[in-house]
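Here's the structure, in structure tokens; my notes come after.
Quick note: numbers below take in every heavy atom, side chains included, and nothing from hydrogens, waters or symmetry partners. Quantities reported herein were computed from a predicted structural model and do not represent experimental measurements.
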Amino acid sequence: MSSLQLLQRSGGRLAAEISRTHGAGHGVIATRAVSPGEVLLRVPRALWLPSSAAAAREAAGRAAAVRMDCAVEALGGAATQLADAALLAAQVAADVKREAAAYVEELPAALDLPLLWRAELRAVLLQGTSCYAACQRQVEVSDALYDALDGRSAWSAGDLLSKAEFRWGQALLLSRAHSGAGKPFALVPLLDFLNHAGSAAGASVRFAPADEAFELVAEREHAAGEELFIDYGVRGSHVLLRKYGFVMGGGGEASVSPAHEAAAAIDEEVLLRVGSPAGGDTQRDAADASPGDRRPAKAPSALVLRMRWETPPSGTTRGQVALPLPQLDTAAGVRAAEAIGVALEQRLDEHLPGYEACKAVLQMPDDSLGDVSAKRRARLCQQLHEREMKLLATAREQIIEALRSR
């Protein structure tokens with residue numbers, strides 16, 4: 001029985017359905033005209049609880065849960081959050097392995113996060129981006145959690161759960177699970193089909209603690225047949241690619257409307273470390289409860305700048321980068337600005353090998369790649385390189401102009 005049928009039988013509120021969209025794969029579509037504040041989907045506890053971290057911890061048993069808690073504590077992470085996510089990833093992967101996960105099988109087939117890529121391809125295509133170092137940390141933490149799991153789980157009936165299967169479970173949670181803002185950490189049927197539109201989103205997901213139901217709420221009017229988008233709370237292509245496997249406007253399942261692409265241009269960002277090798281992501285989102293990404297942020301050895309567009313870039317009007325510049329009326333301020341300029345130049349140079357590698361992969365004949373997804377991955381990484389390089393180049397020009405005009 002599908003999630004939609006289960007929801008109908010459970011009495012959950014239903015004013016939307018799952019359907020193919022304009023290039024974004026599957027999405028949630030309004031079945032009739034809706035008004036702001038209206039609850040379109042309501043998923044009761046009985047439907048989401050079996051795919052929740054709470055259920056996974058209970059099913060794992062005390063010994064397995066304590067072992068995972070200790071492993072996470074050894075990593076220096078937020079024990080309960082990361083351990084629960086790892087246990088749920090193992091449960092989902094084991095359910096799929098023994099063909100006991102009808103709900104998971106309803107999800108779109110494409111699940112292609114950098115966590116699942118071959119290490120060599122990940123290193124070549126992502127080199128120089130804000131995404132690469134964080135992806136490497138995800139892999140390291142995933143391996144440590146798999147070792148704590150010892151390849152087994154309470155759901156695998158004694159069969160070994162491979163590292164690849166465990167990572168697949170983690171990737172599924174990274175891209176599909178709901179959490180934060182009082183929500184339980186869980187895969188929520190139907191709501192996991194919602195696509196991202198950033199600041200152009202017209203709906204949101206909330207949790208009603210009184211009866212423990214997830215609700216999809218319209219934030220504006222929608223016509224019948226219109227897709228409902230939410231905001232994943234992500235403001236940079238490097239995070240979208242790492243956690244969800246797409247880049248806004250990058251083609252494939254992540255294609256969105258021009259209005260959504262404009263919103264993404266405003267939201268674009270690059271992380272820049274000044275004074276040490278670039279590419280690090282020391283300012284990780286403290287609310288990121290996804291598995292494989294919960295090592296505590298350490299004090300950076302150098303300043304890390306988070307840059308964003310103040311206005312969207314276009315073909316004729318160059319956007320301004322929100323770049324915190326020091327006061328240039330002192331020698332120290334000038335030296336600091338010059339250091340930022342050097343870091344921008346170095347970061348641009350670091351992008352070039354990865355960017356050229358993406359172009360080279362896209363030009364290769366398909367039968368020579370040995371990886372059916374290589375071109376899709378290269379296309380996404382090329383888009384990420386182009387977005388970050390454009391922002392870096394504009395910031396460098398602003399630094400040069402500021403120093404020249406002082």
Side-chain angles (χ1 to χ4, degrees), residues 2-44 47-48 106-108 175-183 186-237 240 244 246-268 308-312 314:
S2 70
S3 296
L4 186 60
Q5 291 170 324
L6 286 171
L7 183 62
Q8 290 170 331
R9 284 198 174 188
S10 70
R13 190 170 302 176
L14 190 64
E17 63 182 5
I18 307 302
S19 177
R20 291 200 64 83
T21 62
H22 58 79
H26 288 78
V28 180
I29 309 297
T31 56
R32 55 174 173 75
V34 297
S35 304
E38 187 172 350
V39 176
L40 307 176
L41 286 174
R42 193 168 187 278
V43 183
L47 288 190
W48 61 260
E106 292 179 347
L107 292 172
S175 61
R176 298 288 174 182
H178 289 265
S179 65
K183 304 183 188 78
L187 289 165
V188 185
L190 299 177
L191 298 187
D192 293 328
F193 284 88
L194 287 160
N195 289 314
H196 168 70
S199 56
S204 62
V205 175
R206 70 187 183 193
F207 185 69
D211 51 3
E212 299 183 300
F214 280 86
E215 297 178 337
L216 175 63
V217 185
E219 303 290 345
R220 61 169 177 80
E221 291 183 352
H222 288 78
E226 184 178 353
E227 183 173 3
L228 298 150
F229 290 94
I230 62 171
D231 183 356
Y232 289 0
V234 172
R235 295 295 179 266
S237 292
L240 285 172
Y244 302 102
F246 68 84
V247 174
M248 293 289 277
E253 287 201 32
S255 298
V256 294
S257 68
H260 298 156
E261 178 65 14
I266 298 173
D267 291 339
E268 192 56 82
R308 288 185 179 152
W309 289 111
E310 292 182 330
T311 55
S314 65

Q. Hey, does the side chain of H222 reach the backbone of A33 with a donor-acceptor pair shorter than 3.5 angstrom?
A. no
(Q) Quick check for you: to the nearest 0.5 Å, what is the distance between F246 atom CZ and L240 atom CG? (A) 4.5 Å
Q. Is the closest basic N to carboxylate O distance between E38 and R32 below 4.0 Å?
A. yes
Q) Do S204 and E219 get their side chains close enough for a donor-acceptor pair, meaning under 3.5 Å? A) yes
Q | Inter-residue atom distance R206.CZ - E215.CD, 0.5 Å rounding | A | 4.5 Å
Q: Measure across V205 and K183 and return the closest heavy-atom pair with its distance rounded to 0.1 Å.
A: O-CE, 3.1 Å
(Q) Give me the atom names and distance for the closest heavy-atom approach of L228 to I29. (A) CD1-C, 4.2 Å
Q: Measure across A213 and P44 and return the closest heavy-atom pair with its distance rounded to 0.1 Å.
A: CB-CA, 4.2 Å
Q: Quick one: sort the Y232 and H196 rings into parallel, tilted or perpendicular, breaks at 30° and 60°.
A: tilted
Q. Any side-chain heavy atom of V28 within less than 4.5 Å of one from F229?
A. no
**Q.** Atom of L40, atom of A218 and distance for their closest heavy-atom approach
**A.** CD1-CB, 4.1 Å
Q: Could you tell me the separation between the CZ atom of R220 and the CD atom of E226, rounded to the nearest 0.5 Å?
A: 4.5 Å
Q.
Name the residue from L216, V217, L191 that meets the side-chain contact (heavy atoms from CB on, under 4.5 Å) definition with I230.
A. L216
Q. What closest approach, in Å, do E212 and W48 show between heavy atoms, and which atom pair accounts for it?
A. O-NE1, 2.9 Å
Q. Looking at CG of L47 and CG of L187, how far apart are the two atoms once the value is rounded to the nearest 0.5 Å?
A. 13.0 Å
